[in-house]
Every structure is written in structure tokens, then in C-alpha cells.
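Report on the structure given below.
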Amino acid sequence: MTPAPVIIAIDGRSGAGKTTLAIELAARLRNHHKVALFHLEDIYPGWNGLTAGVERYVGTVLAPLRRGEPATWVSWDWEKHYDGDVRVTLPAEIVIVEGVGAAAAAARPLLDAVIWADSPEHERRSRALARDGQTYEPYWDQWAAQETEFLASDNVLEHADIRVLNRADDSAPADVLQALTYLPALATVLVPELSARRGLRLVAERIEARPDAAALFGSLYGSSANAVWLDSSLVPPAPQGSVAGALARERSRFSILADDGGTFGQLVRHRSGTNRITAGCATVEVPGTFFRWLETVWGRKAVRGPEGYPCDFTLGWLGYLGYELKRETGGSDVSADTPDAALIFAGRAVVLDHAEGTAWLLALDAPDARGWLASARDAVMAATEIRGGTGTGPQGAPDAEAGGSSAVGHVPAFTSRDSEASYKRKIAEAQHEIAEGNSYEVCLTTTLTAEVPAGAFAPWPTYLALRKRNPAPFASYLRFGGLTVASTSPERFLRIASDGAMRAEPIKGTRRRAADPQLDAALRHDLATSLKDRAENIMIVDLLRNDLSHFAEPGSVIVSRLCEIESYATVHQLVSTIDAQLPPGSPRAEAVAACFPAGSMTGAPKISTMAILDRLEGGPRGVYSGAIGYLSLNGATDLAVAIRTLVIQAPDEVAGNDAGAADPAGDAAPGEAGGPTVKLSLGVGGAITADSAAQEEYEEIRTKAFGVLSTLGSEFPARTGS
């Protein structure tokens, strides 16, 4: 008896290309496996035989194959309209069965994977008739009615592991094969395919140029539904040779621009225990925690950078990890209306080195890599001409950049989850928890929200205005369909270099900037001499030393900088730096999880304080307080804390559909007011200690919101309410 095979069913309505997909998928799998194919059209007993055919298939074909036995079955003679000859299907390492009903309810317990193939109705009909011609045409409506009745009682789509939009462009087999490698049930048998996914080679090109980054992003990715710009938009002024200046230059040296296009491009969204990965036209759902899934796709050194390449990003995953992932790191389970994580896999990207004035084009070697390199090279040169070749790096005049107008358009009217009175009451409750010994620092936050007409608010110019008014070393623009994240974060959450060097740089302590130099200097001095702010910062430093120590080499955790002032466009901040070394072979996704979420956004001790925050805040934080950045194929990561971050949700995203698409400019098309609305949200908060003064803490959240709100022309919500 042959060992039980892995059985993959390809189901879907007639004309969805199931047969061609099955044949081409089998051909790819035969590079490493013995594969058997079974077509249900060979067993259906006539044009009224869908239900009976499924019964025959399950009983005489699928059941014996599942046991590793040959399947003996009676075929159907479509010319004589009667039973045909007896046939035998032998088991193999992998068996692919395809046809309407291949994944019917009676079949599903015997299957290892279900693929649902679909295509637009007009394409399905023309495709089916082109294949079967006049034989099928008189029976199309009759057969389609059977399919509709069958699927009404058995929703196969709902049980599919992989869904594929199977257009006639030959892309589906490769995309489906990539999606199959994510299914845990197939991990053992698809080891050769998994190895191929990890055996990657990088091709690169270096260009001496300082392109206009905004124009370059618009040119390359303006029409991409999913794209990321990690935009180092500021090198803060600091004396040459100073530690602060060196750190500022290190944080702001590189910008990364990418989308999920090309052979290797992928998108993953995680919601409450389900990872949904889209590879081209195929989407696979993998149950399980996010960080465990991340460990399967990131952390190994799969790719090395090219000779002379100074950045630690060698392609990989880019996007955000939302605060609600805390459910996996000791926090409670809270649901948000945004995905708990959203990342693209970039198999090609542009990296701008602002220090050397170069653009690096990176691509994983694939048939489409050379063509992309050529188009990216042209885009870089065109964007350099826009800048006139005289740009001074990311701190150069941003109003010279394409689309850099500060005019946002519709002025949003924000409301707050908390009035001034309710926020102050929560401060008092937090201090009560501190007095009871349940915490010693509570990072209390609230959320400002607004709704604006979909046609009157565009994310792209909004972000350009934000980066112009409030440039920051970890600024970023993320677009995932109808979900846009526009961040001007100054704070690094965690960096792990390819050699294992770890760094966290928490911010605790904030003062506003003033136009008057003397007042501005006084505010900076007040922050530098504040015992309360220093105590807040040191508490978080202690917390992060503990977080890093979970995976760091013993004795390697050091505080290399404590409570130093850094000044940005709208605020002065108190910043510290903690360094450590990750031992070789350590699980890097687990090391990130051990530090998540950022201690500067929770307080300490972390787990008990997160529980206090869930009760006090009474709602999810979503993207805010999470992390934004990259997870590179060489095992490196650099993640910023998601603060000073505006989240923009199109109507489909607000409904939680994980849908939406960008127009060529990446923005909503103009429309009439009163129709669909876009939701804006902005999180703000501050650290509460036993010594906190309620009025000062309330003024601090107003200060932190100022950079974003003032750019939009909006005011902080009125202080009224209970």
C-alpha cells in the first residue's frame, strides 16, 4: 500500500480555469514530486449529474486515494450519454482533484487543501465555451443552475484555504504554488518548494543621484494598491561630531520605497488569529498567531547585500504591527477596526542613501527583475531632474518636492474619545493604581477621530503636507488598499542589525517648541531639568533593559545614552538609548515579540499596566502605539513607534473588509459631499506617574497632537463634556 497522499482540491464554477490551473500546477509540482490528477468532468453522469457525480467521486475515487489505495471508478461517455469504461487512478505523493464539487462537504474531511478558483462571469462563460465549444453551449444555463443550487447549500468558498482570481494571463499557477507553501498541512511535503523560496539571489544597481523622493514614489508606486515609503525626512540640526548629531544622521540616512509588485510581491494582513497572505492573484488564510507566522518567513539570513551597500535592508517585509498584537505578548485580546498587522513583501525596492547621495535599486533575481531595474533607473533619473540635481538630502526644502503643497483641502472636525474632564478622571484612576502598587507608570492614551467626505480628502497630499510641517527621522507613508498610514514618528522602537546588534531609543518627556528663541530655550531647559520627566524616562529605560535581556547575550545590555534632549519641528523630546547583542541563531521574531509593544507606550511593569490601560481607555489603539518599519531578508529589522501617526480609512476599510484600491494617484476620486466618508484617527497620550499633575498631562497630549492637527487646519477638540 502506498502512503496516504497529500490531496489538493481545486473547486469553483465552470469556466473559472480549474482544469488548466490543475494541469499547470501539477507540472510545477512534478519538478520534485510524483503527482496524480483527477478531473471530475470524467465522472459526472450527464448534464444533470452534478450531485450524483460528487457522490461517485467521494465514494469511489477520493476515499481509496485517501487510504493510499488505487481508485477504480466508472467514467462517463459524453457522446453516448451513458456510463463509459472502467478506469483506475493510482495514488501519488500529491493528488490534485479538480472540478465543481471537488471540495464538497462530504469531500472536505478527506482533503489537505482547498483552492477556490474564480473569474468574472463573462470570462467564465467565454472560457468554458472556447474549451468545449458547441458541446457545452446548449447546456450552459442548465449546468449553471445546478452549480448555483449546489453552492447555495454548500458554501465551498467559505471553507477554501486559498482563493485565486484566475484570469487567463498564466499568473495563477505560480501564485497558487507560493500560497500553498504557507499552509501548515503541506509544509512537510513541500519542503523543496520552501527551500526554493529561501534560495534567493539579489541583483542591484547603484546610481549617483539625489532624486526627489516624493516624485519618485509617485512615479513608481502611485498606482500601486499596496506600497510603502519609509521616509527619513529629517536630519535634526546638531553640532558636527556630537553624539546626538551622529545618532540623528544614522536614523535619517536611508529612505526605502517599495510595493508588492513583481514575481515575489506579497501582502499579509493579520486579524485576531488569522494571517491572510496574498501572492499575486492568490490569497491564503493561515490560522495562528502573527509572531509565530513571522518566525516562519523572517529571521534567517537569506540574502546578502551587494558589495559596498551600506544599508541593512536587503528586501523583505515592510509595514506596521498594530498595538493589538499585544494579545500575543501578555496583553488581553482587544479587537480593532484596522488589521492587527499589515505588511508587504517587497521583492524589489529603491533605497536612497541621503548621506552619500546615491540611489540603490534592489531586486530579487526573477524573469521580470531586469525590466523593473530599467524602469526604476529611468524613474530615478526623472525624479533627479525634477529636483534639479541640487537637493541637499532629506532635510532639503520639502516644498520643492512634487505635490508638496500644504493645502489639505477639507478641514476635518475632530472629536475625542475623552473630554478634558474624563481624561483627567482617568489620570486620577491611573494614579490610584500606582498607589495600590499595580503599576508605577501608566501611559494613558486617547483617540481623536473625524469623518470627512471621501471625495474631499486625499491621503497623498495630506502626507506631503505633514512631512513638510513636521519632518521626522522615522516618517512613513503606508498604503494598503483603502487603508493609509501617514506617520511623522521621531521614535525608534527597536533595531536589530544583521550582525545581531540591538538598539531601543525610547522617548519620554515632551515640551512644545516656541517661535521666540528665548522661550524655546526656556522650554528646552525646563524639560532637561524636570525630575518628573527624567524619572518617567528612566522607568522605561529599565523596562526596555529587561525586554532586551530576554534574548541578549548576558552582560551585553548597556544604556549608552540617558535622558538627552532632541528637538524636532514642533516638540523637544527626552531620549535614551539602550544597546544589546543578540546571540547568533536566536529567533529574531521572538526577540521582537519580547519587546512588543514599546514600553514607552505602555508603562511599567508592562503586562499588568496593559491590563489597567485596557480598562481605562475603553477602546482599541489600532495602528497607534504599534510599530512601523522593515523586516529584512538578512535578518535585520528597524521599527519605529507608531506615534504622531494619522490613520486614514476608506469606507470599505472602516467596514473591516480588508479591501479597497487606489486610483493612479493613490487617493479617492472626487465625489459629492454627503456620500461615503473617510475616517481619520489620531492617537495621543502621555505617561502618568504618582507625581503627575492632571492639567499638565492634558496639555501634553494637546502638544503632541499639534503637529498633525495644525497641518490639517484642525483644532484640538473642545474641552467640554463629562
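Note that the structure is predicted; figures quoted are calculated from it, not measured.
Under the 3.5 Å distance criterion, the side-chain polar atoms of S419 are matched with a main-chain donor or acceptor of S422. With hydrogens and angles disregarded, no donor-acceptor distance shorter than 3.5 Å links the side chain of Q649 to the backbone of T484. In this structure, S476 contributes its side chain and D231 its backbone to no donor-acceptor pair below 3.5 Å. Judged by distance alone, with hydrogens and angles left aside, the side-chain atoms of S530 form no donor-acceptor pair with the main-chain N or O of L527 at under 3.5 Å. In this structure, S576 contributes its side chain and C563 its backbone to a donor-acceptor pair below 3.5 Å. In this structure a side-chain-to-backbone donor-acceptor pair under 3.5 Å is missing from K606 to G330. Between the side chain of R269 and the backbone N or O of F480, at least one donor-acceptor pair lies under 3.5 Å. Side-chain atoms of T703 come within 3.5 Å of backbone atoms of E699 as a donor-acceptor pair (strictly under, hydrogens ignored).
P459 is listed as a side-chain neighbour of Y477, based on a closest heavy-atom distance under 4.5 Å. Put simply, the side chain of S681 does not reach to within 4.5 Å of the side chain of Y624, judged on heavy atoms. Using a 4.5 Å heavy-atom cutoff, the side chains of L494 and F596 are not in contact. A heavy-atom distance below 4.5 Å is found between the side chains of I496 and R588. Residues L680 and V647 have side chains not in contact (no heavy-atom distance under 4.5 Å, counting atoms from C-beta outward). Looking at L682 and L709, their side chains come closer than 4.5 Å, going by heavy atoms from C-beta outward. The closest side-chain heavy-atom distance from Q266 to W317 is below 4.5 Å. A 4.5 Å side-chain heavy-atom check between R644 and K704 finds at least one atom pair inside the cut-off.
Ionic pairing of R327 and D340 is present here: one or more N-O contacts between side-chain nitrogen and carboxylate oxygen are shorter than 4.0 angstrom. Salt-bridge annotation for D533 and R511: present, with a side-chain N of the basic residue lying under 4.0 Å from a carboxylate O of the acidic one. For K326 and D614, the salt-bridge test passes: some basic side-chain N is under 4.0 Å from an acidic carboxylate O. A salt bridge does not link E429 with R425: every distance from a Lys NZ or Arg NE/NH1/NH2 to an Asp or Glu carboxylate oxygen is 4.0 Å or more. A salt bridge links R492 and E505; the closest N-O separation between the charged side-chain nitrogens and carboxylate oxygens is under 4.0 Å. Between K424 and D418 there is no salt bridge, since no side-chain nitrogen of the basic residue lies less than 4.0 Å from a carboxylate oxygen of the acidic one. Using a cut-off of 4.0 Å between Lys/Arg side-chain N and Asp/Glu carboxylate O, K532 and D691 are scored as not salt-bridged. D337 and K679 are joined by a salt bridge, as a carboxylate oxygen and a charged side-chain nitrogen come within less than 4.0 angstrom of each other. Note on R292 versus E295: no salt bridge recorded, every NZ/NE/NH1/NH2 to OD/OE distance being 4.0 Å or above. A salt bridge is absent between E715 and R702; no separation between the charged side-chain nitrogens and carboxylate oxygens falls under 4.0 Å.
Of all heavy-atom pairs spanning V641 and M601, the tightest one is CG1-CG, 3.6 Å. Closest of all the heavy-atom pairs between S608 and P605 is OG-CG, 3.3 Å. Between L483 and P339, the shortest heavy-atom distance links the atoms CD2-CD, 3.8 Å. Here the shortest heavy-atom pairing between T609 and S439 reads OG1-OG, 2.9 Å. Across all non-hydrogen atoms, the minimal contact from E617 to C443 is OE2-O, 3.7 Å. Nearest heavy atoms, I701 versus G686: CG2-N, 4.2 Å.
T445 and R621 form a side-chain donor-acceptor contact under 3.5 Å, judged by distance and modelled atom types alone. Looking only at atom types and distance, the side chain of R561 has a donor-acceptor partner in the side chain of T577 under 3.5 Å away. When only modelled atom types and interatomic distance are considered, D579 and S560 share a side-chain donor-acceptor pair under 3.5 Å. Residues H354 and S252 bring no donor and acceptor atom of their side chains to less than 3.5 Å of each other. A side-chain donor from one of D520 and H572 sits under 3.5 Å from a side-chain acceptor of the other. For the residue pair E441 / T689, no side-chain donor-acceptor distance below 3.5 Å is found, with atom types taken as modelled. For R495 and T637, the side-chain atoms include no donor-acceptor pair closer than 3.5 Å. Of the N and O atoms on the side chains of E491 and S600, at least one donor lies less than 3.5 Å from an acceptor on the other residue. T645 and S487 form a side-chain donor-acceptor contact under 3.5 Å, judged by distance and modelled atom types alone. Inspection of the D312 and S498 side chains reveals an N or O donor paired with an N or O acceptor under 3.5 Å. R469 and S710 share a side-chain donor-acceptor pair at under 3.5 Å.
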| What's the verdict on side-chain contact (heavy atoms from CB on, under 4.5 Å) for I643 and F474, showing C-alpha distance, side-chain angles and the deciding distance? | CA-CA 10 Å; I643 55 175; F474 295 106; over 6 Å; no
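Note: F217 and W460 meet the aromatic proximity criterion, with ring centroids under 6.0 Å apart. Annotation: W229 is not in aromatic contact with Y221 [ring centroid separation under 6.0 Å not met].
The distance from atom SG of C311 to atom CZ of F254, rounded to the nearest 0.5 Å, is 4.5 Å. Rounded to the nearest 0.5 Å, atoms OG (S714) and CZ (F414) are 5.0 Å apart. Rounding to the nearest 0.5 angstrom, the gap separating the CG atom in L562 from the CG atom in N537 is 6.5 Å.
Qualifying side chain to side chain contact (heavy atoms under 4.5 Å, CB included) partners for E285, counting only residues two or more places apart in sequence or in other chains: T274, R276.
Ring pair H270/F290 is perpendicular by interplanar angle, where above 60° counts as perpendicular and below 30° as parallel. In this pair, Y698 and Y423 present their aromatic rings tilted. The plane angle is within the 30 to 60° band. Ring orientation note: the planes of Y182 and W293 are tilted relative to one another, at an angle of 30° to 60°.
Residue I628 forms a side chain to side chain contact (heavy atoms under 4.5 Å, CB included) with just one option from D638, V228, V485, L318, and that option is V485.
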